[in-house]
Amino acid sequence: MAALEFLSKAMVIKQGAEARVYRSTFLGKPTIVKERFPKRYRHPVLDEKLTHRRTVQEVRSILRCRKAGKSRISAPVVYFVDYTSHCIFLEEIVGSSTVRDYIASNQQSGSCRQQDLEQLAERVGRILAKMHDEDVIHGDLTTSNMLLRCSPENGECDLVLIDFGLSYISAFPEDKGVDLYVLEKAFLSTHPNTEALFEKLLKSYTASSKKSPAVIKKLDEVRLRGRKRSMVG
Ligand SMILES: Nc1ncnc2c1ncn2[C@@H]1O[C@H](COP(=O)(O)OP(=O)(O)OP(=O)(O)O)[C@@H](O)[C@H]1O
């Protein structure tokens with residue numbers, strides 16, 4: 001109840017089918033709260049189970065990324081979790097923009113050097129390789145679920161992964177291959193004519209993980225299955 005009381009004073013920034021996202025402050029810090037509300041169309045017991053599982057998975061994967069040894073994988077700090085109202089209180093990545101907006105605006109205006117986009121793609125590839133080496137499968141990889149936080153002082157940018165609600169832990173190359181396939185589909189449909197850019201991303205993924213050959217093999221298999229499916233209709 002306390003979390004819901006807190007949210008009555010917070011500002012909704014996104015209302016999705018599964019969750020509401022709020023912006024507020026928590027203990028004086030800019031905070032994003034993700035509330036997974038009950039779904040009336042589901043059986044209450046099943047709904048509670050699913051919602052609980054998603055909340056646990058999201059927190060678990062964020063913590064696993066943040067704890068990943070030397071190889072830092074940036075994800076928001078988890079400030080607080082309320083498993084009764086299914087609310088996660090997360091560090092707000094202040095002043096960030098999504099990788100989606102960054103690519104789209106630079107493609108539109110042509111203001112960005114191709115080299116900058118390629119460096120960004122390589123960086124995404126490196127971070128995803130690290131994440132998969134930790135056996136975290138994101139489950140919903142899109143360029144909207146990657147935030148860029150740039151320091152006004154030195155211009156350096158940090159790439160922060162968000163939205164781990166569909167994530168899980170798995171060491172299977174197939175799961176990692178499917179994760180990359182989901183990203184490939186989202187990437188190429190959101191950003192037209194970026195096949196070469198996505199190839200750069202995959203190349204850097206491959207160079208960054210010893211386990212990548214098995215994953216790329218699975219990615220190729222999943223691509224083939226996808227192509228066969230679309231041919232059959
Ligand atoms: N830690 C954060 N810092 C800053 N902004 C955030 C943060 N987390 C989420 N956001 C903003 O809120 C939006 C929605 O968050 P998120 O993707 O986690 O919710 P969702 O309801 O699961 O979204 P979707 O329906 O896209 O899966 C993000 O696109 C981003 O703009």
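Reckoned from all heavy atoms, side chains included, excluding hydrogens, waters and symmetry mates. Whatever order the structure lists ligands and atoms in, that order sets their numbers, starting from 1. Keep in mind that this is a model prediction, so the values were computed, not measured. Counting from 1, the numbers follow the sequence of the chain as shown.
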Which heavy atom of the protein is the closest neighbour of [atom], given with residue, atom name and distance?
atom                    : value
atom 24 (P) of ligand 1 : K14 NZ, 3.1 Å
atom 4 (C) of ligand 1  : I93 N, 3.5 Å
atom 15 (O) of ligand 1 : V21 CG2, 3.9 Å
atom 31 (O) of ligand 1 : T98 CG2, 4.8 Å
atom 30 (C) of ligand 1 : I162 CD1, 4.0 Å
atom 1 (N) of ligand 1  : E91 O, 2.9 Å
atom 27 (O) of ligand 1 : D163 OD2, 2.6 Å
atom 2 (C) of ligand 1  : I32 CG1, 3.6 Å

Given Y205, which partner from the list H132, E122, K200, K130 fulfils the side chain to side chain donor-acceptor pair (under 3.5 Å) test? H132
For the side chain to side chain donor-acceptor pair (under 3.5 Å) test, which of S74, S96, S151 pairs with D158?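 Output: one option passes, namely S74.
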Any heavy-atom pair between the side chains of D179 and M131 that's under 4.5 Å?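 Sidechains of D179 and M131: in contact.
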Heavy-atom check, side chain of Y181 versus side chain of R225, under 4.5 Å: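 Y181 does not reach R225 side chain to side chain.
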Among H52, R20, H86, the one residue meeting side chain to side chain contact (heavy atoms under 4.5 Å, CB included) with R36: H86
Would you mind running through ligand 1 and noting each atom that sits below 4.0 Å from a heavy atom of [X]?
X    : value
N145 : 17 (O)
E92  : 3 (N), 4 (C)
D140 : 27 (O)
P76  : 1 (N)

Give a yes or no on whether a salt bridge exists between D220 and R223, defined as a side-chain N under 4.0 angstrom from a carboxylate O.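 Yes, this pair counts.
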Hey, does the Lys NZ or Arg CZ of K9 hover above the aromatic six-ring of F6, less than 6.0 Å from the centre and inside 45° of the axis? no
Is I93 linked to Y22 within one hydrophobic cluster, defined over Ile, Leu, Val, Met, Phe, Trp and Tyr using a side-chain heavy-atom separation of less than 4.5 Å?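 Per the 4.5 Å side-chain linkage, I93 and Y22 are not co-clustered.
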I'd like to know if I137 and V222 are part of one continuous hydrophobic network [Ile/Leu/Val/Met/Phe/Trp/Tyr, side-chain heavy atoms within less than 4.5 Å].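 Cluster IDs for V222 and I137 differ.
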Compare V33, T31, I13 and give the one whose heavy atom is closest to atom 11 (C) of ligand 1.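 The residue whose heavy atom sits nearest atom 11 (C) of ligand 1 is I13.
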For T142, is the nearest heavy atom under 4.0 Å from an atom of ligand 1?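 It does not; every heavy atom stays at 4.0 Å or beyond.
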Measuring to protein heavy atoms, does anything land under 4.0 Å from atom 19 (O) of ligand 1?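 Protein heavy atom within 4.0 Å of atom 19 (O) of ligand 1: present.
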Polar atom proximity, K34 to ligand 1 (N or O, under 3.5 Å): yes
With no hydrogens and no angle check, just 3.5 Å: does a side-chain donor-acceptor pair link S61 and S167?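 Side-chain D/A pair, S61 to S167: present.
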Below a 4.0 angstrom heavy-atom separation, can you tell me which part of L147, side chain or backbone, both or neither, approaches ligand 1?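 The side chain, only.
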Taking the ring of F89 and the ring of Y79, is the distance between their centroids below 6.0 Å? no
